[in-house]
Amino acid sequence: MQQKTRYEPTEVEARVFAEWVEGGYFHPQAEGSPAENFSVAIPPPNVTGALHMGHALNGAMQDALVRMNRMRGRNALWTLGTDHAGIATQAVVEKMLAAEGTSRQEIGREAFVERVWAWKEEYGSRIVEQYKRLGASCDYENERFTLDEGYVRAVYRVFKQLYDKGYIYRDHYMVNWDPGSHSAISDLEVENREVEDTLYSIDYPVEGSDRVLTVATVRPETMLADTAVAVNPGDERYADLVGQHCLLPLLGRRIPVIADEHVDPEFGTGALKITPGHDPNDFEIGRKHGLEEIGVIGPDGRMNEEAGERFAGLSAAEAQEAVVAALREQGRLRDEEPYVHSVPFSERSGARIEPLISLQWFCRMDELAAPAIEVVERDEVRIAPERWKRVYLEWMREIRPWCVSRQLWWGHRIPVWYCDACEETYVAEQPPERCGSCEGPLRQEEDVLDTWFSSALWPFATLGWPDETPQLRAFYPTSFLTTAREILFLWVARMVMMGLEFPGDVPFRDVYVHSVIQARDGRRMSKSLGTGVDPLEEIDKHGADALRFGLLAMSSTQDVRFSDAKVQQGADLANKLWNASRLILLGVAEVEAAPRPRTVEDRWLLSRLEATIASVTAKLEQYDFAHAASEAYAFFWSELCDWYLEIVKPRLYEREEDVSATLLWALERVLGLLHPVMPFVTEEIWSYHPSRRGHLAVHSFPEADESLRDAEAEAEVRAGIELTRRLRAWRDLVEAPAATVLPARAEGVEPQEFVGRLARFEFEPNGGDPVAAVGPVKILASAAIDTAAIEARLEARREELRSEVKRAEGKLGNERFVERAPAEVVEEERQKLERYRAELEELSE
RNA sequence: GGGCGCGUAGCUCAGUGGGAGAGCGCUCGCCUCACACGCGAGAGGUCGCUGGUUCGAACCCAGCCGCGCCCACCA
């Protein structure tokens, strides 16, 4: 420590982390109640994932709270694990197969799933290792995976029970078909983008008449699946046509003209083609009117035989061209114009969603949502910032059935078995041997469950549910959850519903929706845009503590741009901590750390320290990480280092025992206070502290001692600091050489000893004539002072004072202010005015 | 279409009713025996615009302009 004037994080972090793990500090005893303990279930990152800035921020927040609570002596559990991430993981392995010139279809389901497991064993722990780099104090002894054995059991139990309650059912229904991943996806995985398409107007002849109904569409190829034309029931233009039929161009199918409120008479011609098989709105209308549902586009995105010989086999895009050409040929194409509208795309594969009807498994949500709404309304689950509470509630109140099946191979294969012989369906946690009715063989459902179905169970499945484990008793409900707002519905809401339905209690007490860290230029961080900032690179360059401090300091309730300056600030703070600690630890006498105030400055420092502890702690508890970090920084840097250490240096050099004890005490408390934010550097410094009995990670967290607060000392030292500043500014102004000690004489109150020392003034009782006055200090003539500059300085100060006097006079001259403002505000203003006038008078002498 | 958020110093952001702040950057002076990743001193803002409420508005209200996000079934 003696020689190292720089803190080198890379030399420290891996070693310190290993010590923590060896100490077993991250694996708490499963004892006590959830109210006494503290637990967090990490938002499980995808196994395919690499640590990105969102993980790092999220992790820094969780770790700060987990560490603080662990230091407070609570059993603190931070459950770690990964999500099998169906589509993403399957895509990675499919890509590998493609590179080998094969495909999953070629090798078959069983071999494919084996390949994915092999991939997982080899690469799946990458992100876990990356969390360690961050210093995350997760329970690495009990890492979970959403497809591990116990977890699968929980998933099957949940599926079975929801099925038995009648919530889970199978239906032919309109789904978002993702041609990219060849699977249905949920509404929440669809993003709408503005796209310019062509809006085609097509004439549909009315049967037995020479009239036509003109409909508009951006998807003319879907007309092949039209089963009606709809108009608004109040639309007089078409009132007589309702109940009649149109003849579908190209195919000649007879389709009814129906009336439905959904149709906007103002849009286009007021006539709408109805395609229940390929449009979500039309599907609803179709079901309402009992229309036939025809599918002309298959899961492969190609036209099927229903589209007719002429179009079958074409891709949808090709079919569009062909249909338009055919319509034009027949003179049915009335108009085409460019049209900008929003179009659904898959967030997973990026492909344009093909709405189509298919046989899927759904989960009815109304019954599950009701209690999940109540607990949030009653603040049994608190959502912060407050505005997200409303967003959550509004979404929950309009919740729709959840399509839980996915046409993938990687995931929880749906625990349903069919008997082809007698058409029985079995839903079970364990595979049934054979059909109970006909003894025939059973065939398991091919589809797997939506990844989010299993993530929804995360807080309790990781604790051993459905078994009544000690872990579940000790740590469920978990204490809090930090999350990005984009998964509020996808994940958070579903955990609340499942938690209430299965273990029977909320999954967490507090939800903190954190800000999004954008790229430096304000765009979103994204791999594909190349705008991402790699947290591991930042850790390599500046250390994990620096990144953690930076992220917490830049975090906010609103989105913020990634700030290199804040990370640098964190690195600087680590270095400053190191060097201030060197000064203290290498300089102190051999004494016990204890508050031993001898001077007013000691009392000031202790008072400020306790105030800071109280404030920073309160901010951490309120998830106000940014202010917690910057307040701790400001106290340590400015008050402790810039002022107190400079003030007590002479006493420290003499190895005075009082100041030694006080400094050791203050250092211990500062290290403890900062440990949740910067665990590595504080732990490293602690290893040199004479009070050390064990690791800082499990040392007690400082609790503010109100008895050390001292308003008088604070005021007195504040005045001394202010005077020192003014004296320094004065010497800068007259360009006195930095090293020269200037003569001065104090009049009235004698300033504290440190004022002269830190401002480099020597106070003499006598001496010559004063050339200037700074507060109670008369500065005496000396060769080092440029007298011409003094007058300029005086005049500048007088000007400042005149303007202040004028401002205060104006305010106090306002009768209504004096009458209506609170008395103490008016009094304060009066005192200021007096002070300014006095100083002005003094300077004008 | 509905909702939410934001516009404060050159940059990134705090500040939600009583004299405009931080970090970085910039200027000047310092290698003062913990730290030059440092120390000291400064310069720099019509607080998006317009009205209103108030003794008093960056802060509350209304409207407008600009930016971002979420939700939504107008072809």
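Here is the naming used below: chain letters follow the sequence lines, and residue numbers restart at 1 for every chain.
Here the separation of G56(B) from G17(B), taken at their C1' atoms, is 8 Å to the nearest Å. Going from the P atom of U27(B) to that of G48(B) covers 29 Å, rounded to whole Å. Look at the C1' atom in both A22(B) and C69(B): the space between them is 27 Å, to the nearest Å. Using P as the reference atom, C47(B) and C59(B) are 9 Å apart when rounded to the nearest Å. Spacing of P atoms, C4(B) relative to G63(B), comes out at 12 Å, to the nearest Å.
Using a 4.0 Å cut-off between a side-chain N of Lys or Arg and a carboxylate O of Asp or Glu, Glu646(A) and Arg757(A) do not qualify as a salt bridge. The pair Arg830(A)-Glu824(A) fails the salt-bridge criterion, with no side-chain N (NZ, NE, NH1 or NH2) lying under 4.0 Å from an Asp/Glu carboxylate O.
Applying the 4.0 Å criterion to OP1 and OP2 of U12(B), one finds that Arg561(A) has a side-chain N or O inside that range. OP1 and OP2 of A41(B) both lie 4.0 Å or more from every side-chain N or O belonging to Arg726(A). For Trp637(A), a side-chain nitrogen or oxygen approaches OP1 or OP2 of C39(B) to under 4.0 Å.
Closest-nucleotide positions on RNA chain B for Glu8(A) and Arg728(A) were compared, and the one nearer the 5' end corresponds to Glu8(A).
Within the 4.0 angstrom heavy-atom criterion, no nucleotide atom of any strand lies near Arg520(A). Among the heavy atoms of the strands lying under 4.0 Å from Ala580(A) is at least one base atom, whether or not backbone atoms are also near. Looking at heavy-atom distances under 4.0 Å, Arg390(A) makes contact with sugar-phosphate atoms alone, never a base.
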- Query: How far apart are the C-alpha atoms of Phe283(A) and Tyr173(A), what are their side-chain angles, what is the distance that settles it, and do they pass the ring-ring contact (aromatic ring centres under 6.0 Å, His included) test?
  - Reply: CA-CA 9 Å; Phe283(A) 177 78; Tyr173(A) 208 82; 4.8 Å; yes

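In this pair, Tyr633(A) and Phe549(A) present their aromatic rings tilted. The plane angle is within the 30 to 60° band.
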- Message: Within the 4.0 Å limit for protein heavy atoms, which parts of nucleotides 23-30 of chain B are touched? Write it as a string from 5' to 3', B for base, S for sugar-phosphate only, - for none.
- Response: SS------

